[in-house]
There are 2 protein chains.
Amino acid sequence: MIKPQLDIPLLTKQFNETLILAILVDGKKHGYQLALEIEEKSGGLFRFNHGTLYPILHRLEKEKLIRGAWKQEGPKRQRKYYTLTSAGKKYLAVHVAQWREFFTQFFNIAGVIEG
Amino acid sequence: MIKPQLDIPLLTKQFNETLILAILVDGKKHGYQLALEIEEKSGGLFRFNHGTLYPILHRLEKEKLIRGAWKQEGPKRQRKYYTLTSAGKKYLAVHVAQWREFFTQFFNIAGVIEG
DNA sequence: ATAGATATAAAGATCATCTATATATTTATT
DNA sequence: AATAAATATATAGATGATCTTTATATCTAT
């Protein structure tokens with residue numbers, strides 16, 4: 001069995017995707033709202049540039065991990081609300097577990113600095 | 001006060017650097033040995049391509065976070081051994097703490113999937 | 001003598017984010 | 001009524017760190 005290489009750019013992509021999917025667990029949200037919630041809930045640590053966020057949302061939608069639907073909000077305003085698909089829930093569960101393992105191994109090595 | 005943006009490429013760079021510095025805490029090592037230890041200690045999860053590892057070592061050396069010294073090993077073989085500098089130790093402490101906060105916030109959001 | 005493992009190095013390709021810009025609506029201010 | 005600021009989505013192009021590939025050389029086992 002060939003062990004997969006640590007593909008950091010891929011991991012960071014998955015990190016962002018996991019974060020966005022996780023925020024969508026408790027109901028549908030539009031992009032801007034989603035970015036604000038991630039920032040709030042992380043104490044200001046995680047922030048998405050709009051130029052980063054929207055392409056990721058489009059990618060997730062294309063991969064059918066989320067489903068987007070335009071909704072009339074005011075007399076003219078359109079907002080696109082996203083919901084998790086069942087594939088998205090599955091992806092989320094798998095990747096949260098992977099990240100848990102990832103962090104465990106990291107502190108297994110880097111934890112030596114403290115105590 | 002302007003909050004810094006989440007700069008993922010920068011974070012992954014710092015992740016790799018932190019991992020390498022952490023492995024050097026318990027004594028000097030040469031590049032190849034360092035890569036093997038990271039792989040072993042992480043249960044095969046973290047692997048560095050050589051084309052990734054050596055540029056990082058050169059960068060860390062240039063930034064004086066590690067110090068490299070060539071050492072005659074066999075009759076002809078040269079190996080470059082790296083040791084942590086005091087600046088490197090400081091960098092390591094700061095970044096391990098940052099990663100701990102990072103992971104805490106991540107699971108604060110993504111932990112909802114379990115339990 | 002040869003092959004495979006060990007060891008370091010660097011050039012160029014890849015690819016996801018980041019910066020900057022564009023467009024439009026809603027709300028608050030004057 | 002006019003203007004500014006906040007809200008909201010979108011995309012093109014620049015950036016930059018890793019990844020792939022290739023080069024070079026030594027040591028060990030067969």
Side-chain angles (χ1 to χ4, degrees), chain A residues 2-20 23 28-40 45-63 65-66 68-82 95, chain B residues 2-20 23 28-40 45-63 65-66 68-82 95:
Chain A
I2 297 168
K3 280 179 197 163
Q5 298 244 339
L6 176 65
D7 189 327
I8 285 279
L10 188 62
L11 276 173
T12 63
K13 181 186 161 194
Q14 290 171 359
F15 179 87
N16 284 343
E17 292 179 350
T18 305
L19 206 54
I20 287 171
I23 277 287
K28 62 183 168 190
K29 296 178 175 69
H30 61 84
Y32 194 81
Q33 177 186 6
L34 199 149
L36 288 180
E37 277 194 33
I38 287 177
E39 190 178 347
E40 280 168 28
L45 187 62
F46 303 145
R47 298 181 75 198
F48 283 97
N49 296 311
H50 293 172
T52 302
L53 176 66
Y54 291 106
I56 292 175
L57 288 174
H58 301 161
R59 190 174 66 218
L60 289 173
E61 193 180 6
K62 199 173 150 201
E63 290 165 357
L65 299 177
I66 59 177
W70 287 99
K71 210 179 161 188
Q72 198 95 2
E73 209 72 10
K76 281 188 181 182
R77 166 149 295 190
Q78 295 273 344
R79 280 179 178 134
K80 197 170 185 182
Y81 280 85
Y82 293 99
H95 283 266
Chain B
I2 297 168
K3 282 177 194 163
Q5 297 245 341
L6 175 66
D7 189 326
I8 285 279
L10 188 62
L11 275 175
T12 64
K13 182 186 162 196
Q14 289 171 358
F15 179 88
N16 284 343
E17 291 179 351
T18 305
L19 205 54
I20 288 171
I23 277 286
K28 62 183 168 191
K29 297 178 174 70
H30 60 84
Y32 194 82
Q33 177 185 7
L34 198 149
L36 289 180
E37 277 194 34
I38 287 177
E39 189 177 347
E40 281 167 26
L45 188 62
F46 303 144
R47 299 180 77 198
F48 282 98
N49 296 312
H50 292 173
T52 302
L53 177 65
Y54 291 106
I56 293 176
L57 288 173
H58 300 159
R59 190 173 66 217
L60 288 172
E61 193 180 5
K62 199 174 151 200
E63 290 164 0
L65 299 177
I66 59 177
W70 286 100
K71 210 178 160 189
Q72 197 96 3
E73 208 72 10
K76 283 190 179 180
R77 164 150 297 189
Q78 295 272 345
R79 278 181 180 132
K80 197 168 185 182
Y81 281 84
Y82 293 99
H95 282 266

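Sequence lines set the chain letters: A, B, ... in the order given, protein chains first and strands last, and positions in each chain run from 1. All values below come from the heavy atoms of this structure, side chains included, with hydrogens, waters and symmetry mates left out.
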| task | Return the 5'-most residue of the pair B:G31, A:Q78 with respect to DNA chain C, ranking by each residue's nearest nucleotide. | result | B:G31
Classify [X] by what it touches in the nucleic acid, base, sugar-phosphate, or nothing, heavy-atom distance under 4.0 Å.
X	value
B:L57	nothing
A:I56	sugar-phosphate
A:H30	sugar-phosphate
B:G51	base
B:P55	nothing

Can you tell me which nucleotide in [options] comes closest to the side chain of [X]?
X	options	answer
B:W70	D:dT9, C:dA9, C:dT17	C:dA9
B:Y32	C:dC18, C:dT26, C:dT8	C:dT8
B:K13	C:dT26, D:dT18, D:dT9	D:dT18
B:T52	D:dT18, D:dT9, C:dT8	D:dT18
A:N49	C:dT17, D:dA10, C:dT19	C:dT19

Can you check the [X] [atom1] to [N] [atom2] distance for me, whole Å?
X	N	atom1	atom2	value
A:R77	C:dT25	CZ	P	9 Å
B:R59	D:dA17	CZ	P	6 Å
A:E73	C:dT26	CD	P	10 Å
A:E61	D:dT11	CD	P	11 Å
A:L53	D:dT7	CG	C1'	14 Å
A:F15	C:dT17	CZ	P	12 Å
A:K76	C:dT25	NZ	C1'	9 Å
B:L36	C:dA5	CG	C1'	11 Å

| query | Side chains of B:E73 and B:Q78: is there a donor and an acceptor less than 3.5 Å apart? | reply | no
| Between B:K29 (side chain) and B:I23 (backbone), is there a donor-acceptor pair under 3.5 Å? | yes
| Side-chain donor or acceptor of A:Q72 paired with backbone N/O of A:P75 under 3.5 Å | yes
Closer than 4.0 Å, any side-chain N/O of [X] to the OP1 or OP2 of [N]?
X	N	answer
B:N16	D:dT18	yes
A:H58	D:dA10	yes
A:Y54	D:dT9	yes

| said: For B:F15 and B:F46, I'd like to know if the aromatic rings sit close, meaning centre-to-centre distance below 6.0 Å. | reply: yes
| message | Atom NZ of residue position B:K80 - does it have more than 12 heavy atoms of other residues, nucleotides or ligands inside 6.0 Å? | response |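 Counting other residues, nucleotides and ligands, NZ of B:K80 exceeds 12 neighbours.
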| B:P55 versus B:H50, closest heavy-atom pair with distance | CD-O, 3.9 Å
